[in-house]
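Report on the following structure.
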Amino acid sequence: MKVVFLGTPDFAIPSLDALLQANFDVVAVITQPDKPRGRGHKMTPCAVKKFAMDKGLDVHSFTRIRRKEGVEFLKSIDFDVMVTAAFGQILTQEILDIPKYGCINVHASLLPKYRGPAPIQWAIIKGETETGITTMKTERGVDTGDILMQEVTPIYPDETAGELFDRLAGMGGDVLIKTLQGLEDASITPVAQDHDKATHFPMFAKEDGKIDFNKTAAEVHNLVRGVNPWPGAYVTLGSEILKVWKTEIIREKATRRPGTMVCCDSKNGVIVNTSDYQIALREIQFAGKRRMEAAAAMCGRELNTSEAFE
RNA sequence: CGCGGGGUAGAGCAGUCUGGUAGCUCGUCGGGCUCAUAACCCGGAGGUCAUGGGUUCAAAUCCCUUCCCCGCAA
């Protein structure tokens with residue numbers, strides 16, 4: 001089958017790679033255009049573009065694929081199926097009607113739950129114990145199309161979004177291939193989603209990484225996992241921002257009001273009260289410094305336990 | 001040229017402004033105390049102060065080069 005692949009970030013790479021490994025004919029790869037990224041704001045291509053160019057594929061970028069230029073490009077090439085994976089642009093019906101086998105989307109949740117652009121992170125933040133990959137027919141709505149295949153995987157208690165992201169990205173490639181093969185031999189029947197059970201979560205705002213110690217220790221722990229590595233959890237102490245990369249719930253009841261420190265020294269690290277239990281900040285990072293064990297950080301810096309995190 | 005912080009012992013930091021003996025906390029090693037210890041006491045080892053050049057009687061410190069790490073912002 002001749003495939004046109006639309007994807008942008010890291011998550012999409014294993015899917016594209018799986019297509020190549022399975023000898024699908026990837027006739028074109030479409031990504032978001034280069035943007036100024038990183039320190040220095042240098043123009044940088046997205047992950048999929050870099051990968052695809054390394055593989056010698058035909059790569060195109062459109063600010064809006066739905067505009068005339070993009071539509072005309074798609075109509076000008078010969079292909080059978082379109083695959084989207086974290087592409088980041090909404091397609092029009094006109095575009096969806098172009099390929100004979102339609103358009104397939106790879107989504108990193110068990111739809112209809114966790115629709116939207118950040119399903120992996122939100123599943124962790126909400127304390128889910130399992131998630132998965134869903135392939136579906138792409139519709140004009142966001143993640144609303146009929147389900148083709150679904151595979152489940154557990155979310156481990158201390159797993160971070162980054163770790164889960166890597167696993168799901170890999171699974172996404174596998175499920176995508178099975179889905180395409182199923183479509184070819186007509187062994188898959190699309191099933192409509194139960195829209196009443198749908199949940200939708202937005203893209204993260206920078207503030208979403210801020211820890212609220214008025215929540216429970218479990219909720220704090222899930223937030224820290226869910227926003228690691230991006231955008232990263234943080235607390236403020238006075239005017240200073242402290243990023244928190246790893247936490248551990250301590251099975252001791254909180255001793256004082258949420259946000260206050262139980263202790264902070266080079267033996268025990270930093271332990272903070274939440275609304276129920278205590279939580280240890282295991283791996284932290286001060287501005288300008290690299291991330292480090294909390295106990296190590298306390299060797300060269302003293303915090304005052306009378307201060308509280310906000 | 002988006003803004004900014006940093007590189008000093010195994011770890012985390014101070015010292016740099018104002019040039020003049022390499023410091024602190026932790027770890028580590030040895031000894032002591034103790035029924036015992038992750039606790040306490042005593043002692044030791046461990047540094048080419050990122051890199052290259054310059055100024056100087058003298059540079060971690062002042063000037064310039066290069067490399068690397070990181071926060072914000074995107």
Side-chain angles (χ1 to χ4, degrees), chain A residues 7-13 31-51 61-65 86-90 116-118 120-122 160-163 165 201-213 220 223-252 255 259 261-272 278-310:
Chain A
T8 300
D10 296 334
F11 176 78
I13 289 179
T31 73
Q32 299 266 36
D34 297 0
K35 286 181 186 171
R37 294 169 214 269
R39 268 173 226 116
H41 285 187
K42 289 185 282 282
M43 290 297 280
T44 311
C46 63
V48 166
K49 181 171 180 179
K50 269 185 274 192
F51 176 84
S61 297
F62 297 96
T63 306
R64 287 279 182 275
I65 185 74
F87 177 49
Q89 293 183 27
I90 294 176
I120 300 170
Q121 291 96 323
W122 283 111
T160 65
E163 292 160 353
F165 188 98
F201 291 91
M203 189 66 93
F204 283 102
K206 54 188 175 183
E207 278 290 306
D208 290 327
K210 182 160 183 172
I211 295 174
D212 179 2
F213 287 107
V220 171
L223 175 72
V224 171
R225 294 193 296 140
V227 298
N228 176 345
W230 191 89
Y234 67 95
V235 296
T236 56
L237 188 64
S239 60
E240 207 168 10
I241 285 183
L242 180 61
K243 298 193 91 171
V244 179
W245 292 102
K246 196 172 171 189
T247 52
E248 180 185 342
I249 298 169
I250 308 291
R251 297 180 57 182
E252 298 282 340
T255 54
M261 284 179 260
V262 176
C263 65
C264 52
D265 56 62
S266 55
K267 287 280 187 291
N268 303 300
V270 180
I271 299 179
V272 186
Q278 301 173 12
I279 193 164
L281 311 184
R282 286 295 181 222
E283 200 174 320
I284 61 181
Q285 181 173 25
F286 289 92
K289 297 298 185 182
R290 61 189 61 202
R291 59 164 81 177
M292 64 188 83
E293 296 288 325
M298 291 303 103
C299 286
R301 183 190 294 256
E302 287 185 7
L303 296 181
N304 190 336
T305 52
S306 67
E307 291 182 276
F309 295 111
E310 291 172 20

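Chain letters run A, B, ... following the sequence lines, proteins first, then strands; residues in each count from 1.
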Met203(A) atom CE, over 12 foreign heavy atoms within 6.0 Å: no
Atom-pair distance (CD on Glu293(A); P on G12(B)), nearest Å: 11 Å
Touch class at under 4.0 angstrom, heavy-atom based, for Lys35(A) against every strand present: nothing
Base paired to U28(B) (Watson-Crick or G-U; both N/O distances under 3.5 angstrom): G44(B)
G-U wobble or Watson-Crick pairing nucleotide for C17(B) (cut-off 3.5 Å, both distances): none
C1' atoms of A59(B) and U8(B), separation to the nearest Å: 14 Å
Euclidean distance, atom CZ of residue Arg282(A) to atom P of A11(B) [Å, nearest integer]: 21 Å
Distance in angstrom units between Tyr234(A) OH and C70(B) C1', rounded: 18 Å
Separation of atom CG in Asn268(A) from atom C1' in U25(B), rounded to whole Å: 15 Å
Atom P, compared across U51(B) and G7(B): separation rounded to whole Å: 13 Å
Arg291(A) CZ to G12(B) C1', straight-line distance once rounded to whole Å: 17 Å
Separation of atom NZ in Lys289(A) from atom P in C70(B), rounded to whole Å: 13 Å
Geometric class of the Phe309(A)/Phe213(A) ring pair [parallel <30°, tilted 30-60°, perpendicular >60°]: tilted
Side chain Arg39(A) and base G2(B) donor-acceptor under 3.5 Å: no
Near-parallel close stack of His41(A) and A73(B) base (under 5.5 Å, under 30°): yes
C72(B) - base-pair partner by Watson-Crick or wobble geometry, distances under 3.5 Å: G2(B)
